[in-house]
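Working notes, beginning with the structure itself.
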2 protein chains.
Amino acid sequence: MRGDAFDPGCPTRLLLDRIGDKWSVLVVLALTGGPRRFTELRRLIGGVTPKVLTQTLRTMERDGLLTREVFAEVPPRVEYALTPMGLSLHGPIQAITDWAEENVEDVLSARARHDELPA
Amino acid sequence: MRGDAFDPGCPTRLLLDRIGDKWSVLVVLALTGGPRRFTELRRLIGGVTPKVLTQTLRTMERDGLLTREVFAEVPPRVEYALTPMGLSLHGPIQAITDWAEENVEDVLSARARHDELPA
DNA sequence: CGGTATCCCGTACGATACTG
DNA sequence: CAGTATCGTACGGGATACCG
């Protein structure tokens, strides 16, 4: 049973929604280089607020995509790292972001052209 | 200039948000086999309402991902087809959906395990 | 440092009904 | 057949402030 994205009852839909959220993709990208601390992630991923970053990380941890390790030190240190499953997402995500970065210009000009012709 | 997904000011973010929406991905998949009519898409993509499907199609048309062709017939016929740029999205999207379909089970069991241990 | 706690808001999405 | 019109809502996300 591989699941069928066209079936509204299939949990695959849930995964697509998760991956499609605003920040998960960037978290995966930020973690592919190795474990990162909370503040590092916050700096890397421009514009994310702590609340939302925490939410994203917690959900991804729950889904088995990353691990959260707390070190008993002062000052406190918490490291986030991708699990093998999380790492396996890197390829597909890279493909999408590459596409996005390559096609930004074309999409924007298509939009401009479309909006110019109110006919 | 390829764009940088980590930069909150970069329009790449906008594309990620678009792609990440609930239906665009499924529309691309449904259209890779060739042009489709509105009702065909509606049938193929389980659970989508006409309003939302129209919204999605219009936005994708505006972004240059697909074309909308109206035939002057009775009964009316409208065909949607991917542009070359839209088609170029198929590979990356396929990668994501393949990943999703392959990892559904693991994610769900990770969730179940996580929720069982309230500690 | 690594988060929570609150408050707030837009909008993506859905249900239902109707039309050229 | 291929949509619009209307109404309603959940929630993802942002701003700001505070805490162990």
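Because the structure is a prediction, the values reported are computed rather than measured. Quick note on labels: first sequence line is chain A, next is B, and so on, each numbered from 1.
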Item to check | Interatomic distance, B/R42 CZ vs D/dG3 P [rounded to whole Å] | outcome: 11 Å
Item to check | Any donor-acceptor N/O pair, A/E40 side chain to A/R37 backbone, under 3.5 Å | outcome: yes
Next on the checklist: Given 3.5 Å as the limit, does a donor-acceptor pair link the side chain of B/D7 with the main chain of B/G9, or not?
Outcome noted: yes
Next on the checklist: If I take atom CG in residue B/L44 and atom C1' in nucleotide D/dA2, what distance separates them, rounded to the nearest angstrom?
Outcome noted: 16 Å
Item to check | B/S24 versus B/D21, side-chain donor and acceptor atoms under 3.5 Å | outcome: yes
Checklist entry - Going by heavy atoms in the side chains, are B/V27 and B/V48 under 4.5 Å from each other? => result no
Checklist entry - Contact class for B/R58 vs. all strands (heavy atom < 4.0 Å): base, sugar-phosphate, or nothing? => result sugar-phosphate
Next on the checklist: I want to check something: taking the side chain as every heavy atom from C-beta on, are B/R111 and B/V107 in contact at a cut-off of under 4.5 Å?
Outcome noted: yes
Checklist entry - Does some side-chain heavy atom of A/T97 sit less than 4.5 Å from a side-chain heavy atom of A/L29? => result yes
Next on the checklist: Looking at B/F6, is its backbone amide N or carbonyl O close enough to the side chain of B/R13 to form a donor-acceptor pair, meaning the two atoms are under 3.5 Å apart?
Outcome noted: yes
Checklist entry - Of the residues in residues 61-72 of chain A, which ones touch DNA chain D at a heavy-atom distance under 4.0 Å? => result none
Item to check | Note, B/R36 side chain near B/E79 side chain (heavy atom, < 4.5 Å) | outcome: no
Checklist entry - Does OP1 or OP2 of D/dG3 have a side-chain N or O of B/Y80 closer than 4.0 Å? => result yes
Item to check | Flag side-chain contact, heavy atom, 4.5 Å: B/D63 against B/R18 | outcome: yes
Next on the checklist: According to side chain to side chain contact (heavy atoms under 4.5 Å, CB included), who are the partners of A/V78, at least two apart in sequence or on a separate chain?
Outcome noted: A/R68, A/V70, A/Y80
Next on the checklist: Does any part of the side chain of A/L65, heavy atoms only, come nearer than 4.5 Å to the side chain of A/L82, both counted from C-beta?
Outcome noted: no
Dump the pairs, protein N or O against N or O of nucleotides 6-13 of chain D, anything under 3.5 Å, distances to one decimal.
residue	atom	partner	partner atom	Å
D/dG13	OP1	A/K22	N	3.0
D/dG13	O6	A/K51	NZ	3.3

Item to check | Separation of A/D17 CG from B/K22 NZ (nearest 0.5 Å) | outcome: 5.0 Å
Next on the checklist: For a 4.0 angstrom threshold against heavy atoms of chain A, report the outermost contacting nucleotides of DNA chain C in 5' to 3' order.
Outcome noted: C/dC1 to C/dC7
Checklist entry - Given atom CD1 of B/I45 and atom P of D/dA2, what is their separation to the nearest angstrom? => result 14 Å
Checklist outcome for this item: If each end axis of the helix from C/dC1-D/dG20 to C/dG20-D/dC1 is fitted on five C1' pair positions, the angle between them, to 10 degrees, is 60°
Item to check | Atom of B/L15, atom of A/A100 and distance for their closest heavy-atom approach | outcome: CD1-O, 3.7 Å
Item to check | Check ion pair B/D115-A/R62 (N to O, under 4.0 angstrom) | outcome: yes
Next on the checklist: Using a strict heavy-atom distance below 4.0 Å, which residues from residues 25-40 of chain B are in contact with DNA chain D?
Outcome noted: B/R37, B/F38, B/T39
Checklist entry - So do B/L53 and B/W23 actually touch side chain to side chain, heavy atoms under 4.5 Å? => result no
